[in-house]
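For reference, the structure discussed in these notes is given below.
Residue numbers begin at 1 in each chain, while the letters A, B, ... track the order of the sequences. Atom set for the values below is all heavy atoms of this structure, side chains included, hydrogens, waters and symmetry mates excluded.
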2 protein chains.
Amino acid sequence: MTDIKTGINPLFLREEELRQGIELLFYAYRDFTAEPDVILAQYGFGRAHHRVIYFVGRNPAMTVSELLGILRITKQSLSRVLGQLVEEGFITQRPGTRDRRQRLLELTEKGIELERQLTERQRTRFARAYREAGAEAVEGFRKVMRGLIDEVDRPRFPGRR
Amino acid sequence: MTDIKTGINPLFLREEELRQGIELLFYAYRDFTAEPDVILAQYGFGRAHHRVIYFVGRNPAMTVSELLGILRITKQSLSRVLGQLVEEGFITQRPGTRDRRQRLLELTEKGIELERQLTERQRTRFARAYREAGAEAVEGFRKVMRGLIDEVDRPRFPGRR
DNA sequence: CATATATGTCAACATGACTGACATAAAAAC
DNA sequence: GTTTTTATGTCAGTCATGTTGACATATATG
């Protein structure tokens, strides 16, 4: 075996390092999503609703196709949550002007308020983590995260210029 | 409005920065989990099975309670997937020696093989991202991710000594 | 005019979470 | 040594969120 004397096996270290990454992602996502769930439950909503509200709030006047492309779910799955959100007045749909087949999505005042309330927790979590880690670490975080994402979606996160 | 002349509003930048973090986490997790799903489907398993296999592989002889504490799901939910994995010979249970109420969990050969196959994709994804980002960025990534995790679970990821 | 596209809808199903109630065996406390 | 707590399992029912497949409508495009 390699490095019996030093007790360090570089391959083992690498394996350890990679598994740590996997676990960091698991735990971070678990805790990151747990907080808004409490609020969502009060509205009778789930995580899927949060995702829709989030991305519609982030990309006003986005089309259903665009949203489907981000969420990577089927239109039938989206239809249920989106339908509820429209029905209950959190999101409005209006036909596109250039292409009248499109249903452009937008948050209502009520939707904006819920989005703010939901995302606030997550923003606070990031703000704390960023502050404690420092600017340089944040840059490293971005770099690695960007590299984890499928190539098609990396342009959504332009690197440092 | 602040900084009309420079066109820079620091509060807006901060908001942008935090939202980018939120989105990085969403996309990374989405793509990170998508790959093993293909293999799991061939076995008639889902993501929940992968999580159980992963953590049992990582912590041999772990108890059911420990596993529940990591996954943060109910024992009823765990019971189904764990039961299947035991039934189909991927995991074995044996009573603890110190405390004979415990059922210590362990991967079988078959389980180890499946774990390897499943996690390999994710390890490769991390390996590439780490390599492209560089050692310093990886350190920043770790720092931020650790800060995102609930305080109780941070000791699982000791900082740099 | 024919075809492709954007969207929606109906139906059936699978997975993985939940709550609540109850059961058993072993450890720990008194 | 009896009582209580703990670790685990199980039965039953429900819900949220994903899937596939088929079909419908309106509009854009060739």
D/dT4 P sits how many Å from B/Arg101 CZ, rounded? 16 Å

May I have the step-by-step check of side chain to side chain contact (heavy atoms under 4.5 Å, CB included) for B/Phe26 and A/Tyr54, ending in yes or no? CA-CA 11 Å; B/Phe26 166 78; A/Tyr54 180 88; over 6 Å; no

Establish whether the base of C/dG16 is bridged to the side chain of B/Arg80 by a donor-acceptor pair shorter than 3.5 Å. yes

Would you indicate what B/Glu66 reaches in the nucleic acid, counting non-hydrogen atoms under 4.0 angstrom: base, sugar-phosphate, or nothing? nothing

Sole candidate of B/Gln122, B/Arg123, B/Glu115 that passes side-chain hydrogen bond (donor to acceptor under 3.5 Å, both in side chains) when paired with B/Thr119: B/Glu115

Distance check needed: C/dA26 P versus B/Arg94 CZ, whole Å only. 17 Å

Do A/Arg154 side-chain atoms and A/Arg146 backbone N/O form a donor-acceptor pair below 3.5 Å? yes

Does A/Arg100 put a side-chain nitrogen or oxygen below 4.0 Å from OP1 or OP2 of D/dT29? no

Length of the CD1-P vector between B/Ile73 and C/dT19, whole Å: 12 Å

Could you check, using the six-membered ring where one of them is a Trp, whether A/Tyr29 and B/Phe32 have ring centers closer than 6.0 angstrom? no

Could you tell me the separation between the CG atom of A/Asp37 and the C1' atom of C/dC18, rounded to a whole number of Å? 12 Å

Looking at D/dT19, I'd like to know if its phosphate oxygens (OP1 or OP2) sit under 4.0 Å from a side-chain N or O belonging to A/Ser77. yes

Ranking D/dT17, D/dT19, D/dT27 by distance to the side chain of A/His49, first place goes to D/dT17

What's the CG-P distance between B/Leu78 and C/dC18, to the nearest Å? 10 Å

Whole angstrom is fine here: how far is it from CZ in B/Arg51 over to P in C/dG16? 8 Å

In whole angstroms, the gap separating C1' of D/dG18 from NE2 of A/His50 amounts to 19 Å

So, is B/Thr74 near the phosphate of C/dA17, with a side-chain N or O under 4.0 Å from OP1 or OP2? no

Does the side chain of B/Arg47 get closer than 4.0 angstrom to OP1 or OP2 of C/dT15 through an N or O atom? no

Any idea which of D/dT20, D/dT17, C/dT7 is nearest the A/Gln76 side chain? D/dT20

If you count the non-hydrogen atoms of other residues, nucleotides and ligands that lie under 6.0 Å from CD in B/Gln76, is the total more than 12? yes

In whole angstroms, how far is the P atom of D/dG9 from the CD atom of B/Gln84? 15 Å

Nearest-nucleotide wise, let me know which of A/Lys75 and B/Gln102 is further upstream toward the 5' end of DNA chain D. B/Gln102

